[in-house]
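Just below is one structure, and these are the notes that go with it.
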Amino acid sequence: MGSTEHPGAEGVGRRDLIKRSAALGLVAVPAMGLMSACASGGDSGSSDEGDTKGKTSKDNPFGAKKGSKLDVVVFKGGYGDDYAKAWEADFDKKLGITSTHTGTQEITGKLQPRFNAGNPPDVVDDSGAQQIKVDVLYKNGQLLDLAEVLDAPSVDDPAKKVRDTLIPGTLDPGMQEGKVVALNYIYTVWGLWYSGKLFQEKGWQEPKTWDDFLAVCKDAKSQGIGGLAHQGKYPYYINVAIMDLIAKKGGLEAMKAIDNLDPKAFVGSDAAQAAVEAVYEVVEKGYLMPGTNGLTHTESQTRWNQYKAAFITSGSWLENEQLKQTPTDFDMKFLPMPLLSGSKLPFEAIRAGSGEPFIIPAKAGNLPAAKEFMRRMLSKEWSTLFAKQANSLTILKDGVDPGVRLRPGTQSTVEASKAAGDNTFRYLYTEWYSEMGTAIEAASNELMAKRIQPKEWLKRCQAAVDKQAKDPASKKNHRD
């Protein structure tokens, strides 16, 4: 899902960011465990470029036309949309192309009618709880194959293709049937979060095992504090815990079994059983923050910011999303998922990779400008503009200016990425199979509310996998 709902970020943070040369070393993702297929040749789309096509040149390979207009829609969540406004201003300054800008959280509500009418925007940040699912758009033939953009010369080094300037593996989540149809732009880390201030006051240590995690939750409960908060109305978040535990317990093979729709992905998987039972223990022992099952993401996160829970699950957009609600001395910190006994991956292993999908609709009215806009998104200048405005790193290698500073929580994810090294993993079923992903989330919602037991959760998740496996198109997606 990349990022879900995030309110706007502002300015720059408090701690020194790694210098540009160090940024790649800290966050580069190895190809290990990630699908390595390359995008197939591109289709220039069904839109008639007509009067939006200008002269091509070395600096303007797609012929973006001066005086034309670009229609940009951006999910205005945790990263805000100031970065996009900065991009658009620079695009106008350098190419003479003005933009119509829309920042919204109502992606489906505002854009589904436009897609249905054949009048979509030119560039879309298709994210958030109301995201139009990428696999659905792809199946309907509504997305441009981005191969032409990725094979174009890099803005920074024309001797290189754009795709060769990106952190390895970060294109994979945007693939459908071997084609890159969405550019997941932001480097994201998922896991647990806590307050450094609260932990120091209570004398708690970062738990590295699940037993230690439960011990902190137990002590928190004894002091009138919830152990774990989760965003109950959006069970995507609690699946961060469950799915991370599966991958760390069973290793990459357990993760790939789910992505590859294995008949024993859940039922018959020791890792899946151990993971769901571990999370359910938090429910059974009353360690959940009271009321968390009925809260939205921001409501739950705000209570966590008020020290009403020790832990919360989320991705690295959390700090941006909670800027206005976070006390200045909160000291937000990221924590890899603690280990179950007998785990195949180490404690330092994290789910990390690209999030926040940007798309170009196949019927975009100004395809040349849309392609050029995306090419420039993958320049150091625009990557740095994003980091300054949104407090986050992008998928561009060595893409952040040395002067940019990150806030403490985001900085802690950079440090966690460095500690993880090669031990990173990333599920792809959420992008490939949205219907299956929704069914798994629904099962998790029932689990956290104690309406079903772990055994039933496994059955429902396996049923979702088995249903997806019957779709012949599923055979075109596979991880080795």
Taking only residues two or more places apart in sequence, or in another chain, which ones meet [X] in a side chain to side chain contact (heavy atoms under 4.5 Å, CB included)?
| X | value |
| --- | --- |
| Thr296 | Lys233, Tyr234, Thr298, Glu299 |
| Val240 | Trp190, Asp244, Thr313, Met337, Arg351 |
| Ala420 | Ile350, Thr424 |
| Lys94 | Asp90, Arg376, Glu381 |

Exercise. Got a sec, which residues hit ring-ring contact (aromatic ring centres under 6.0 Å, His included) with Phe266, two or more places apart in sequence or on another chain?
Worked result: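 With neighbours one apart ignored, the set is Trp457.
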Problem set entry | With sequence neighbours excluded, residues passing ring-ring contact (aromatic ring centres under 6.0 Å, His included) with Phe115 |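 Residues passing ring-ring contact (aromatic ring centres under 6.0 Å, His included) with Phe115: none at all.
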Exercise. Do you see a donor-acceptor pair shorter than 3.5 Å between the side chains of Gln112 and Asn116?
Worked result: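 Looking only at side-chain atoms, Asn116 and Gln112 do form a donor-acceptor pair, the distance falling under 3.5 Å.
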Exercise. Side chains of Ser154 and Thr165: do they bring a donor and an acceptor to under 3.5 Å?
Worked result: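 There is no such pair between these side chains.
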Problem set entry | Chi angles and distances behind the side-chain contact (heavy atoms from CB on, under 4.5 Å) call for Asp135, Met436 | CA-CA 11 Å; Asp135 60 332; Met436 173 180 136; over 6 Å; no
side-chain hydrogen bond (donor to acceptor under 3.5 Å, both in side chains) against [X], all qualifying residues, sequence neighbours excluded:
| X | answer |
| --- | --- |
| Asp262 | none |
| Thr410 | Glu319, Asn391 |
| Asp122 | none |

Evaluate the side-chain proximity of [Y] to [X]: yes if any heavy-atom separation is below 4.5 Å, no if none is.
| X | Y | answer |
| --- | --- | --- |
| Ser314 | Gln231 | yes |
| Val465 | Gln468 | no |
| Ile107 | Val73 | yes |
| Pro336 | Lys208 | no |
| Gln322 | Phe330 | no |
| Leu367 | Thr52 | no |
| Arg426 | Asp172 | no |

Exercise. When the aromatic ring centroids of Tyr429 and Trp432 are compared, is their separation below 6.0 Å?
Worked result: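 No, the ring centres sit 6.0 Å or more apart.
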Exercise. Who passes salt bridge (Lys or Arg N to Asp or Glu O under 4.0 Å) against Asp164, sequence neighbours left out?
Worked result: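 Listed in chain order: nothing, the list is empty.
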For this session: Identify, with sequence neighbours excluded, every residue that meets salt bridge (Lys or Arg N to Asp or Glu O under 4.0 Å) alongside Asp259.
Result: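 Listed in chain order: Arg479.
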List the atom of [X], the atom of [Y], and the distance in Å for their closest heavy-atom pair.
| X | Y | result |
| --- | --- | --- |
| Val74 | Ala84 | CG2-CB, 3.6 Å |
| Ile395 | Asn184 | CG2-O, 3.3 Å |
| Asp59 | Glu372 | O-OE2, 3.8 Å |
| Ser412 | Met332 | OG-O, 4.4 Å |
| Leu183 | Leu146 | N-CD1, 3.7 Å |

Problem set entry | Aromatic ring pairing Phe373/Trp87, orientation class (parallel under 30°, perpendicular over 60°, tilted between) |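 Perpendicular.
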Using only atom types and a distance under 3.5 Å, with no angle test, would you say the side chain of [X] pairs donor to acceptor with the backbone of [Y]?
| X | Y | answer |
| --- | --- | --- |
| Gln462 | Ala265 | yes |
| Asn239 | Met243 | no |
| Asn320 | Ala390 | yes |

Exercise. Between Phe311 and Leu335, does a side-chain contact (heavy atoms from CB on, under 4.5 Å) hold up when you go through it step by step?
Worked result: CA-CA 9 Å; Phe311 300 100; Leu335 178 71; 4.0 Å; yes
Problem set entry | ring pair (Phe, Tyr, Trp, His ring centres under 6.0 Å) pairs, two or more places apart, involving residues 386-424 |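 Matches after skipping sequence neighbours: Tyr79-Phe386, Tyr83-Phe386, Tyr185-Phe386.
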For this session: Take Asp71 and Asn366 through the side-chain contact (heavy atoms from CB on, under 4.5 Å) test and state the conclusion after the steps.
Result: CA-CA 8 Å; Asp71 189 347; Asn366 193 347; over 6 Å; no
Problem set entry | Chi angles and distances behind the side-chain contact (heavy atoms from CB on, under 4.5 Å) call for Glu431, Asn477 | CA-CA 11 Å; Glu431 281 76 21; Asn477 294 319; over 6 Å; no
Exercise. Is Lys85 atom NZ crowded by more than 12 heavy atoms from other residues, nucleotides or ligands, each under 6.0 Å away?
Worked result: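 Yes, NZ of Lys85 has more than 12 neighbouring heavy atoms, counting only those of other groups under 6.0 Å.
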Problem set entry | Pair Lys380 + Asp401, salt bridge at N-O below 4.0 Å |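 Salt bridge between Lys380 and Asp401, a charged N being under 4.0 Å from a carboxylate O: no.
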